[in-house]
Amino acid sequence: MKTGKVWFITGASRGLGRAFTEAALGAGDRVVAVARNIDPLDDLAALYPQALVRFSLDVSDRAAVFDGARRAFDAFGQLDVVVNNAGGLLYGMVEEATEEQIRAHLDVNFFGAVWVAQAVLPYLRAQGCGRILQVTSMGSTGGMATVGFYGAGKVALDSLSEALAMEVDGLGIKVTIVEMGGYATGLFTAGMTMTEPIAAYGALRTELEEMWGEETGPDPSTAAPVILELAALPNPPRRLIIGSRSYDQVLELDRTRAGLYQEWEHLSRMAPG
């Protein structure tokens with residue numbers, strides 16, 4: 001009888017999703033891998049013909065997601081670890097983004113993750129166990145110019161995931177908010193939609209691009225061992241920052257934010273609420 005975990009990973013064809021898929025298969029687990037374009041998974045399908053099931057899925061299509069969850073469960077008869085990873089980047093200033101761009105972005109980055117969670121929960125509840133890993137970002141702790149909509153989607157998913165974790169904890173289901181650091185995922189290339197620049201923001205845009213530089217971050221494969229260990233924990237954390245440098249950056253940001261609160265404490269305390 002086949003043992004090991006069954007993973008359901010969205011956005012599995014590139015970046016972190018691809019790295020997590022490879023790591024799970026390498027550990028002897030089985031994976032249902034979905035993405036809009038699954039052609040990049042051809043090599044893994046050849047290496048793991050019995051352990052990998054893949055099919056095309058657009059997570060912004062709620063009906064398709066529910067059908068996909070059923071196909072995923074039917075593939076191996078169980079779902080142990082669901083990785084809500086699919087996403088993209090809308091790059092540009094808030095004023096520049098069109099309604100179509102904003103809605104399309106949130107349809108994938110926020111609503112897509114909601115549909116996946118809703119679709120898999122009946123199977124996890126019936127099993128009485130399961131993990132949902134909600135891939136957000138260390139940037140979901142605050143907004144940043146040019147990536148405000150990306151951060152907004154992640155903050156929304158972060159907050160919703162806290163609620164979800166409380167709701168399903170008594171059902172044997174564990175939810176972890178996975179706050180990813182900066183990795184070379186292709187988010188700023190293949191996964192990016194750009195707004196039409198407005199000249200008034202040119203100086204700020206140039207300043208930010210110079211600040212960020214050309215560094216792409218470490219390979220996504222370096223994050224995969226953390227995900228495997230997280231999935232194996234009997235009592236996983238509610239949230240986890242992935243990346244040593246990102247961990248330090250988040251702590252520093254928290255200290256800075258706490259200092260700002262304290263600076264204006266006298267104004268806050270003028271109101272009794």
Side-chain angles (χ1 to χ4, degrees), residues 11 14-17 36-37 58-60 84-114 134-161 177-220 223 239 241-243 245-264 267-268:
R14 63 176 176 84
L16 293 167
R36 287 183 176 179
N37 176 19
D58 178 356
V59 297
S60 67
N84 240 329
N85 170 72
L89 174 67
L90 176 55
Y91 182 82
M93 306 297 176
V94 171
E95 184 184 353
E96 297 169 347
T98 67
E99 179 181 355
E100 181 182 16
Q101 288 175 326
I102 296 167
R103 290 186 182 278
H105 177 77
L106 294 178
D107 273 346
V108 174
N109 282 35
F110 176 67
F111 287 107
V114 175
Q134 303 281 62
V135 177
T136 66
S137 169
M138 53 86 69
S140 65
T141 56
M144 172 67 74
T146 69
V147 291
F149 290 105
Y150 178 79
K154 294 301 186 182
V155 167
L157 180 57
D158 189 302
S159 180
L160 188 78
S161 299
I177 300 164
V178 183
E179 300 179 20
M180 299 303 308
Y183 290 85
T185 63
L187 186 66
F188 280 86
T189 53
M192 183 168 69
T193 299
M194 294 189 66
T195 61
E196 186 66 33
I198 294 175
Y201 298 107
L204 175 59
R205 192 185 303 269
T206 299
E207 179 185 343
L208 290 170
E209 290 173 351
E210 290 176 351
M211 179 183 72
W212 289 330
E214 299 296 325
E215 184 180 358
T216 59
D219 190 273
R239 57 176 64 241
I241 299 167
I242 309 292
R245 183 173 60 180
S246 299
Y247 182 89
D248 291 336
Q249 289 173 338
V250 170
L251 289 189
E252 180 59 32
L253 182 61
D254 285 345
R255 283 193 289 266
T256 301
R257 185 176 290 122
L260 291 173
Y261 282 138
Q262 291 165 359
E263 180 182 356
W264 293 98
L267 192 58
S268 298

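Note: hydrogens, waters and symmetry copies are ignored here, and every other heavy atom, side chains too, is used.
- Shortest non-hydrogen contact noted between Gly181 and Ser246 is CA-OG, 3.0 Å.
- Heavy atoms of other residues, nucleotides or ligands lying less than 6.0 angstrom from CD of Glu99 number 12 at most.
- For the pair Arg103 and Phe111, the minimum side-chain heavy-atom distance is 4.5 Å or more.
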Report task. Step by step, work out the side-chain contact (heavy atoms from CB on, under 4.5 Å) result for Leu204 and Met93. Result -> CA-CA 10 Å; Leu204 175 59; Met93 306 297 176; 4.0 Å; yes

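- Considering Thr193, Val108, Leu106, Val147 as possible partners of Leu90, the one that fulfils the side-chain contact (heavy atoms from CB on, under 4.5 Å) test is Thr193.
- Asn84 is not listed as a side-chain neighbour of Val135, based on a closest heavy-atom distance of 4.5 Å or more.
- Annotation: the span from Asp107 atom CG to Asp58 atom CG amounts to 8.5 Å, rounded to 0.5 Å.
- Residues Ser60 and Arg36 come closest through the heavy atom pair OG-NH2, 3.9 Å.
- Nearest heavy-atom pair across Gln101 and Glu96 is OE1-O, 4.3 Å.
- Looking only at side-chain heavy atoms (C-beta outward), Phe149 and Val94 come within less than 4.5 Å of each other.
- One finds the OH atom of Tyr261 at 12.5 Å from the OG1 atom of Thr256 (value rounded to the nearest 0.5 Å).
- In this structure the side chain of Thr195 never reaches within 4.5 angstrom of the side chain of Thr98, judged on heavy atoms.
- Annotation for Gly87 and Arg14: closest pair O-NH2, 3.6 Å, computed over non-hydrogen atoms.
- With contacts defined as side-chain heavy-atom distances shorter than 4.5 Å, the pair Ile241/Gln249 does not qualify.
- Contact between Ala86 and Gly11 at its shortest, heavy atoms only, is CB-N, 3.7 Å.
- Residues Glu209 and Arg205 are in side-chain contact: their nearest non-hydrogen atoms beyond the backbone lie under 4.5 Å apart.
- Closest heavy-atom contact between Gly88 and His105: O-CE1, 3.3 Å.
- Note: Asp219 CG to Leu16 CG = 9.5 Å, rounded to the nearest 0.5 Å.
- Here the side chain of Ser159 pairs no donor or acceptor atom with the backbone of Val155 at under 3.5 angstrom.
- In this structure, NZ in Lys154 is found 6.5 Å from OG1 in Thr136, a value given to the nearest 0.5 Å.
- Proximity of Asn109 to Leu157: side-chain heavy atoms (C-beta onward) are nowhere separated by under 4.5 Å.
- Residues Tyr201 and Thr146 fail the side-chain proximity criterion, which asks for heavy atoms closer than 4.5 Å.
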